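Keep in mind that what you see is a predicted model, and the values were worked out from it rather than measured.
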Amino acid sequence: MNTPALGMLIRSFFEDYLICQKGLSAATIKSYRDGLRLFLGYLAEDRGCRITRLTITDLTAKQVTAFLNEIELKRNNHIRTRNQRLAGLRCFFSYLASRVPEALHEAERVDAIPRKRVAPAVMGFLERDEIQTLFSLLPRQGRFAFRDRVLILFLYNTGARVQETADLRTANLELSAAPRVHLHGKGDKWRVCPLWKETSQLLRQLLEQTGAIMCPEQAVFASAQRQPLTRFGIYKIVRKHTQYLRERQSSTPRRISPHCLRHSTAVHLLEAGVEVNVIRAWLGHVSLETTNRYAELTLRMKTEALAQCEPPTQPSDASLGKPHWRDDADLLKWLDSL
């Protein structure tokens, strides 16, 4: 039995395994592609040959470790990037072992390469008064002023990821008596989020202005060329309209991104007393552990919790008097009889 060529396996890995079998998102597939491209380039340079001359036997766990050290120490990639590249290579080696049994040993060794520990990223968020200030500062005039206002309100209302917002289509909205939106999230999973009445009304106005209300597959948030806004375009819009907020309030996070608005939604839901499992479903988290991190973000809730268990500043009169058992006549009589 002939061993498949490396190029054929790589093509099958992306076109069949990742897309058809695992159903990964386009962003994840792109990340895996970039990581594998860098790894193959590193291998070719290390071997002193063209990339087309590489074979399956050149792919070893030792080379994976050397590559990870290279991108961390020489390319100054963050540890999170290192771990992300490792995840992609683990997935590829696992697929390789399923197609070429001889590669199983190296795949097991790659799988045993540990992820590096790294402190969780700081999750900046906006306080409620900062959110109010942000909306008061949004421009009312301009070609895209209304679209941008609706976009930022939608991000805060739903806590949607930026890619989920970019992928939003008219058919995903239900703007009837109980308005809601269907969001297509990570892992090809759908979830439903309720919409405020104001958000629903503004979305309907936006769709009527752009004509998208008659086109179910039309992007809700589109550019001047009527093309769907990209995730990078949404980032630029949020940064543009939050610049004045950062300048006016020194306590505001230095960089406000769509994900910062997502964190703000989660924290404000938590402060409002919404149960953590509901927030997890609202945001589309796979693990409850991810949602629990928001409890660490808000100082206000910590302060309120501390107030509930503050010790008394002065001892009570009862604590200074005689013990309660001395008031029990039956108990004293029994003690005297001993």
Measure from the side-chain N and O atoms of [X] to the backbone N and O of [Y], and report whether any donor-acceptor pair falls under 3.5 Å.
X	Y	value
Arg231	Gln163	no
Thr242	Val238	yes
Asp34	Ser31	no
Ser223	Gln227	yes
Arg262	Gly159	yes
Arg53	Arg47	no
Ser94	Arg90	no
Glu127	Asp129	no
Arg75	Leu73	no
Asn157	Trp196	yes

**OP:** Report yes or no: do Thr28 and Ser25 form a side-chain donor-acceptor pair below 3.5 Å?
**Re:**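 Checked: Thr28/Ser25 side chains pair up, N/O donor to acceptor below 3.5 Å.
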Original post:
Can a donor-acceptor pair be found between the side chains of Gln63 and Asp58 at a distance below 3.5 Å?
Top reply: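 Judged by distance alone, the side chains do not pair up.
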Look at the side-chain heavy atoms of Ile, Leu, Val, Met, Phe, Trp and Tyr, link any pair under 4.5 Å apart, and say whether [X] and [Y] land in one connected group.
X	Y	answer
Val192	Leu195	no
Phe92	Ile51	yes
Val278	Leu270	yes
Leu206	Phe144	no
Met8	Leu59	no

Would you check if [X] and [Y] make a side-chain contact, meaning some heavy-atom pair closer than 4.5 Å?
X	Y	value
Asp148	Leu138	no
Arg147	Ile237	yes
Phe93	Arg109	no
Thr230	Ile234	no
Thr170	Leu207	yes
Val274	Trp282	no
Glu164	Lys186	no
Lys116	Asn83	yes

Subject >> Aromatic ring proximity, centroids under 6.0 angstrom, His184 and Trp190 >> reply: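 Yes: the rings meet the under 6.0 Å criterion.
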Original post:
Looking at the rings of Phe154 and Phe221, which for Trp means the six-membered one, are their centres under 6.0 Å apart?
Top reply: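 Yes.
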Parallel, tilted or perpendicular for [X] and [Y], by the 30°/60° rule?
X	Y	result
His259	His263	perpendicular
Phe13	Tyr95	tilted
Phe67	Tyr42	tilted

Starting at [atom1] of [X], measure out to [atom2] of [Y] and round the result to the nearest 0.5 Å.
X	Y	atom1	atom2	answer
Glu102	Leu96	CD	CG	10.0 Å
Leu261	Leu155	CG	CG	6.0 Å
Arg191	Thr158	CZ	OG1	7.5 Å
Lys236	Leu229	NZ	CG	11.0 Å
His241	Phe135	NE2	CZ	11.0 Å
Ile256	Leu126	CD1	CG	5.0 Å

If every non-hydrogen atom of [X] is compared with every non-hydrogen atom of [Y], which pair is closest and at what distance?
X	Y	value
Glu208	Ile213	CG-CD1, 3.9 Å
Ser12	Arg99	OG-NH1, 3.3 Å
Ala87	Tyr32	O-OH, 4.2 Å
Phe14	Ile19	O-CG1, 3.2 Å
Ala212	Gln218	CB-CG, 3.3 Å
Leu68	Arg85	CD2-CB, 4.2 Å

**OP:** Show your working on side chain to side chain contact (heavy atoms under 4.5 Å, CB included) between Val267 and Ser264 and close with a plain yes or no.
**Re:** CA-CA 5 Å; Val267 171; Ser264 304; 5.9 Å; no
**OP:** Mark yes when over 12 heavy atoms from residues, nucleotides or ligands other than Gln205 sit less than 6.0 Å from its CD; otherwise mark no.
**Re:**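 Yes, enclosed.
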**OP:** In sequence, state the C-alpha distance, the side-chain angles, and the governing distance for Arg82 and Glu72, and then conclude on salt bridge (charged side-chain N to carboxylate O under 4.0 Å, His left out).
**Re:** CA-CA 6 Å; Arg82 183 188 192 277; Glu72 180 184 353; 3.0 Å; yes
